[in-house]
Structures are given as C-alpha cells and as structure tokens.
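On a predicted model such as this, the values are computed, not experimentally measured, just so you know.
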Amino acid sequence: MVLTYTQEHVYEHPWDRVTSAAWRKFTDPDTATVLSHILDVHTLSRHLDPVRGVYSSTRSITVRSPTLPFILRHVAPCPTILCLETALVDAPRRSMEIVSRNVSLRGLIEVEERSSYRPHPERLEQWTAFRQETSIGCKPLAAVASALAENVEHRCAERFKQNSVKGREIIERICKYLEAEGSNN
C-alpha cells in the first residue's frame, strides 16, 4: 500500500517573494529551533540557464529519523535519513517545482514529496498558490505485515504534515521580513 495525500496553501504574497523565502527557509537563523528535524543541508549542484531564465539545483538534506515502531528499530536502527531534493525554477513562467526523495532506508520506506509554487490564478500579482503532494510506501514491509506497514505510513504522514505546517509558517515569517525590508528601501 502507498499512502498519498495533498496539501494546498495560499500565500498572500507575490510569487517572487514567496520563492525567495522558500530558498531561505533552511538558512534562516530562526529555522533551526522550528525545524529541529533538519540536521544538515548541502547544495550538490546548481545551474542557471541565462537564455531560458531557468535555474536548477540539487541538494542533500539530512533529517532526524522519526521514531519507528519497536519491531522496526532493530531492522533500521538509522537515526538519520538522507534525502535528495531537486528544484527547477522557471522565472519567465513564474513556476518553481521541488521534488524530494529519501535516499537512505529505501529498502524499508520510500517517500516522495512534490511541491509547486505558482502565482494564484485569482490574484496573479499578489498571491502564490502552493501545492504539496506526498506519497509514502512501505512496499517490502507490506508484503509481510500490511497492518505494520500502514502504521508506519500513517505515522510518517502525520509527522510530515506537522513539519509542513512549520515550513509554511517559516516561509510566511520570511515573506513578512522581506516585505518590510523592501518597504525600507
């Protein structure tokens, strides 16, 4: 079984401000206390196509592993999970797409998170529509113990939803900071 869910949010800020805030989310000094599960972020590659106005990057993100059910702690005693994030920013089209996947523990659980930032269709210049689709699957575990696999998937989904709320709050705070900074210039 694969658990899939979607979250949507409207930022009442223009697309350029929201995407700037999203890029600052992990480097903001106040983030470490709010997103304490994020242990490390490294940019592995980045490329700007000046002709098309498209920026792409790949980052590694190390996160603290959520507490697994007791029976699985012996199978996967890993306290951290390594994730790979790829991002594509198309400035002329005002679109930012981010895909994150876990690299470690894939033999036990596979998580994919797809996020997009686009101008809101009702207020193209003032608001930004954010959409996040997450899928969580414990395929090897499901073959042996489907109830346990569902338990792990639901626990992970709850944790991801909680962390998503925190991430949106950080982006909102950074947007307000950027707005104030812009009005002071």
Chemist: Between E97 and R118, is the salt bridge (Lys or Arg N to Asp or Glu O under 4.0 Å) condition met? List the steps.
Modeler: CA-CA 9 Å; E97 306 283 335; R118 290 191 172 75; 2.2 Å; yes
Chemist: Evaluate the side-chain proximity of L39 to T80: yes if any heavy-atom separation is below 4.5 Å, no if none is.
Modeler: yes
Chemist: Please report the closest heavy-atom contact between W15 and A91, naming both atoms and the distance.
Modeler: CH2-CA, 4.2 Å
Chemist: Applying the 4.5 Å side-chain criterion to the ILVMFWY set and letting contacts propagate, would F130 and W127 be lumped into a single cluster?
Modeler: no
Chemist: Would you say that L44 contacts L84 through its side chain, given a criterion of any heavy-atom pair below 4.5 Å between the two side chains?
Modeler: yes
Chemist: Flag the pair Y5 / I136 as yes when at least one side-chain heavy-atom distance between them is below 4.5 Å, and no otherwise.
Modeler: yes
Chemist: How about I61 and V63: do any of their side-chain heavy atoms sit closer than 4.5 Å?
Modeler: yes
Chemist: Pick out which of E85, E112, E110 makes a side-chain hydrogen bond (donor to acceptor under 3.5 Å, both in side chains) with R101.
Modeler: E112
Chemist: Do any N or O atoms from the side chain of D90 and from the backbone of S95 form a donor-acceptor pair under 3.5 angstrom?
Modeler: no
Chemist: Show the nearest heavy-atom pair for residues I81 and S104, with the distance to one decimal.
Modeler: CA-OG, 3.3 Å
Chemist: May I ask you to check whether over 12 heavy atoms, not counting those of F26, lie within 6.0 Å of atom CZ?
Modeler: yes
Chemist: Any side-chain heavy atom of Y11 within less than 4.5 Å of one from I171?
Modeler: yes
Chemist: Below 4.5 Å, heavy atoms only, C-beta onward: do R94 and L124 meet side chain to side chain?
Modeler: yes
Chemist: Between R17 and E12 (salt bridge meaning N to carboxylate O under 4.0 Å), is one present in this structure?
Modeler: no
Chemist: Does any part of the side chain of K176, heavy atoms only, come nearer than 4.5 Å to the side chain of H13, both counted from C-beta?
Modeler: yes
Chemist: Within the 4.5 Å heavy-atom criterion, are Y117 and V89 side-chain neighbours or not?
Modeler: no
